[in-house]
Engineer: 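This is the structure I have questions about; it appears just below.
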Amino acid sequence: MPDSKYSPLPPWQRTDYCGALRARDEGRAVAVLGWVAARRDHGRLIFIDLRDREGIVQLVFNPEYAAAHDVAEKARSEYFIAVRGKVLRRSEGTVNAELPTGEIEVAVSECEILNTSPVPPFPIAEGEVAAEELRLKNRYLDLRRPEMLRNMRRRHRALKAVRDYLDENGFIEVETPILWKSTPEGARDYLVPSRVNPGRFYALPQSPQLLKQLLMVSGFDRYYQIARCFRDEDLRANRQPEFTQIDLEMTCPRPEDVMSVAEGMIAAAYQATLGIDIRPPFPRLAYAEAMERFGSDKPDMRFGMELRNLTEAFAGTAFKVFAEVLARGESIYAIAVPAEHQLSRRELDEMAESLRSRHGLGLAWAKTAQEGWQGPVAKHIGESEKARAAQAMALKAGDTLLMVAGDANKIRPVLGDLRLALGQKFGLCDAEGRSFLWVVDFPLFEYSAEEKRLVSVNHPFTAPHPDDLERLESEPLRVRSLAYDMVLNGQELGGGSIRIHSRELQLKVMDLLGLTREEALDRFGFLLDALTYGAPPHGGCAFGVDRLAMVLCGTDSIRDVIAFPKTQKAVDLMSGAPSEVSPRQLKELGIKVTS
RNA sequence: GGGGUCGUAGUUCAGCCCGGUUAGAACGCCGGCCUGUCACGUCGGAAGUCGUGGGUUCAAAUCCCAUCGGCCCCGCCA
């Protein structure tokens, strides 16, 4: 008698998923197949909780069916078994209200073990979380856990909704190459050697940016793709070397048109996954205002504690530290911690020390009270300045004022980080809160001190704001772009821009970025040529699928929404990738490994 | 490249500061008993390279150094 374990075909087909059985199925003869989640052996009566992707159902093995009962005695956790039996309504008092299937059970008449299992390296159950290293080494088991299955299904639902939405709005899904051209600007590329062209390399795309622009030149009018993107940079809790973007592009849109499509898309994803009704349009906030009020281009607006500019309030101050900064034409910004959230002297000192060591900035703090300001700097600050500051900040007695002096572009982000840290510390961020917004009017360029040249804030193909075109050469740093980022709770979900569709303007921007004509033609000649052939105005956006899935699943780790993620050292613990390859493979590729 | 943190039965963790008994607990696992459990119960049992290497010491899970790995962060991510 051959062991059923070796038969590639199950003895019978399932009629129902375990987790889908309900009281309405009472009396039906059913067949279910699944994994043993738990076994309770009462000697004569045996109960097995059988799990499949839809949930758990209780099986009852009665000694009357001796053969099935014998098999059940041998069954262990995570064995894969097939049973046939009858759905029975549970008697009064044995109903399990915790389970969706708890009103019924399957009385088993036939049972076969289709495969056995060693004791799993960690429990496969709701609410049990093992060390992540173990989970990643045994990812196929980790994915058996209901939470992970739920996350992956929610991700699927979101993408399905996005696809349906974009299809309904006339977008055509087009696949673009994974093996493509290295365009060294931005993140490091993953390179793939070409055997047929020794010494040459493909690059995996950091995004399909240029390809989708070319599709607009081709006349697709509206394109989208669920695109895998690759960036060889260090990993973070929300960053993997390969990730997925919803990439879309349209012909002749205004920024509002792209934003409106994106809002509808996100709303569709929320509706499909969580049944939550998101109501666009989202507020628009200019970059300059975001920096001024929140010290961030992706502000978390679930709470206040906004930055205020106190430069005016301290004009003519006798406080030396501030006076020196003001003399240099720099600024003083502050945030006020409301009286209901008190910081200890020690916490304030630690905060100051952290600012000093990480940014070389001093923190001037003062606690306000009826009898005046308290703190190390209080006595150096004049009463009229205090009054002006109090008015500017709308201070109440008991508030703590945190002030930083220096170059506005440097200190505002520092205060912005401080604001976020305090918001977290005091639990001001409502976990259920959803604060969507668009940040618009980004600058086109910023100055890179490291490279001593202008660099693109977004990417080199972003169109300048038409109102600022005449400043392009004279004051490039004051030119805004037609770019927009969607921000949710302080995290960038996606962003995009209207692109440059004129060869001349594109060459001018590349020139300002320090690219020579030759370099521009060498790297981007195909794009520049394409633009000459009646390229229509176009623009679009890209959204991070993984980050969206994180938000929808309520997790802080991107690895919880990716089936087979990599560790912080970019290793796949399950397969061992990246691994060494044979000398023969290397030789064929003309590659010599030197380290 | 840098900073922080964790690594002890299959699992989750305690023990580490202040070195000294046979390294403990819970869950899981194995065996016996058990016909209404669902975290079944009950009786018994097995189970450890204290990440690895070196050093200090009469003696190291414990102190020191190095190293490997997981995680978080800075740099990096147009």
Engineer: On a heavy-atom basis, which atom in A/Leu235 and which in A/Thr567 lie closest, and how many Å separate them?
Structural biologist: CD2-O, 3.1 Å

Engineer: Using a heavy-atom cut-off of 4.0 Å across all strands, would you classify A/Thr101 as base, sugar-phosphate, or nothing?
Structural biologist: nothing

Engineer: Can you say whether a donor on the side chain of A/Arg39 sits under 3.5 Å from an acceptor on the base of B/C40, or the other way round?
Structural biologist: no

Engineer: From B/U37, B/G75, B/C72, pick the nucleotide closest to the side chain of A/Asp234?
Structural biologist: B/G75

Engineer: Heavy atoms only, 4.0 Å cut-off, all strands: where does A/Glu105 land among base, sugar-phosphate and nothing?
Structural biologist: base

Engineer: Which atoms form the tightest heavy-atom contact between A/Gln506 and A/Pro460, and what is the distance?
Structural biologist: NE2-O, 2.8 Å

Engineer: I'd like the C1' distance from B/U5 over to B/C16, given in whole Å.
Structural biologist: 16 Å

Engineer: When both hydrogen-bonding distances must be under 3.5 Å and the geometry is Watson-Crick or G-U wobble, what is B/A60 paired with, if anything?
Structural biologist: none

Engineer: When you check the gap from the basic side-chain N to the acidic O, do A/Glu504 and A/Lys508 get nearer than 4.0 Å?
Structural biologist: no

Engineer: Under 4.0 angstrom, heavy atoms only, what part of the nucleic acid is A/Val119 near: base, sugar-phosphate, or nothing?
Structural biologist: sugar-phosphate

Engineer: If I pick the P atom on B/C50 and the same atom on B/G45, what distance separates them, to the nearest angstrom?
Structural biologist: 25 Å

Engineer: Please determine, for the side chain of A/Arg40, which listed nucleotide (B/G75, B/G36, B/C38) has the closest atom?
Structural biologist: B/C38

Engineer: Would you say the side chain of A/Glu98 and the base of B/C38 hold a donor-acceptor pair, judged only by whether the two atoms sit under 3.5 Å apart?
Structural biologist: no

Engineer: Quantified in whole Å, what is the C1' atom distance between nucleotide B/G75 and nucleotide B/A59?
Structural biologist: 45 Å

Engineer: Is there a side-chain contact between A/Pro177 and A/Leu211, using heavy atoms and a 4.5 Å cut-off?
Structural biologist: yes

Engineer: Any donor-acceptor pair under 3.5 Å linking the side-chain atoms of A/Asn409 with those of A/Arg412?
Structural biologist: yes

Engineer: Say you pick atom P in B/C33 and the same atom in B/G69; how far apart are they, in whole Å?
Structural biologist: 50 Å

Engineer: Using nucleotides 12-16 of chain B, report all nitrogen or oxygen pairs with the protein that are shorter than 3.5 Å.
Structural biologist:
from	atom 1	to	atom 2	distance (Å)
B/U12	OP1	A/Ala131	N	2.7

Engineer: Starting the side chain at C-beta, find the nucleotide from B/C74, B/G70, B/C40 nearest to A/Thr567.
Structural biologist: B/G70

Engineer: Mind checking A/Thr94 for me? I need base, sugar-phosphate or nothing, with any heavy atom below 4.0 Å counting as a touch.
Structural biologist: base

Engineer: So A/Pro460, base contact, sugar-phosphate only, or nothing? Heavy-atom distance under 4.0 Å.
Structural biologist: base

Engineer: Which residue, A/Arg559 or A/Gln58, contacts RNA chain B at a nucleotide closer to its 5' end, judged by nearest heavy atom?
Structural biologist: A/Gln58

Engineer: If we take the P atom in both B/A66 and B/U62, what is their distance in whole Å?
Structural biologist: 16 Å

Engineer: Taking atom P in both B/A61 and B/A9, compute the distance separating them and give it to the nearest angstrom.
Structural biologist: 14 Å

Engineer: Measuring only the P atom in each nucleotide, how far is B/C30 from B/G55? A whole number of Å is fine.
Structural biologist: 42 Å

Engineer: If each of A/Pro123 and A/Val60 is mapped to the nucleotide of RNA chain B with the nearest heavy atom, which maps nearer the 5' terminus, i.e. the 5' end?
Structural biologist: A/Pro123

Engineer: Less than 4.5 Å apart, side chain to side chain, heavy atoms only: is that true for A/Pro413 and A/Met291?
Structural biologist: yes

Engineer: Less than 4.0 Å between a side-chain N and a carboxylate O, is that true for A/Asp572 and A/Lys137?
Structural biologist: no

Engineer: So what does A/Arg76 hit on the nucleic acid, given a heavy-atom distance under 4.0 Å: a base, only sugar-phosphate, or nothing?
Structural biologist: sugar-phosphate

Engineer: Under 4.0 Å, counting only non-hydrogen atoms across every strand here, what does A/Asp41 touch: a base, just sugar-phosphate, or nothing?
Structural biologist: base

Engineer: Go ahead and name the base partner of B/C30; Watson-Crick or wobble counts if both distances stay under 3.5 Å, otherwise write none.
Structural biologist: B/G44

Engineer: Roughly how far apart, to the nearest Å, are B/A39 and B/C29 at atom P?
Structural biologist: 15 Å

Engineer: Does either side chain, that of A/Asp247 or that of A/Tyr223, offer a donor lying less than 3.5 Å from an acceptor on the other one?
Structural biologist: yes

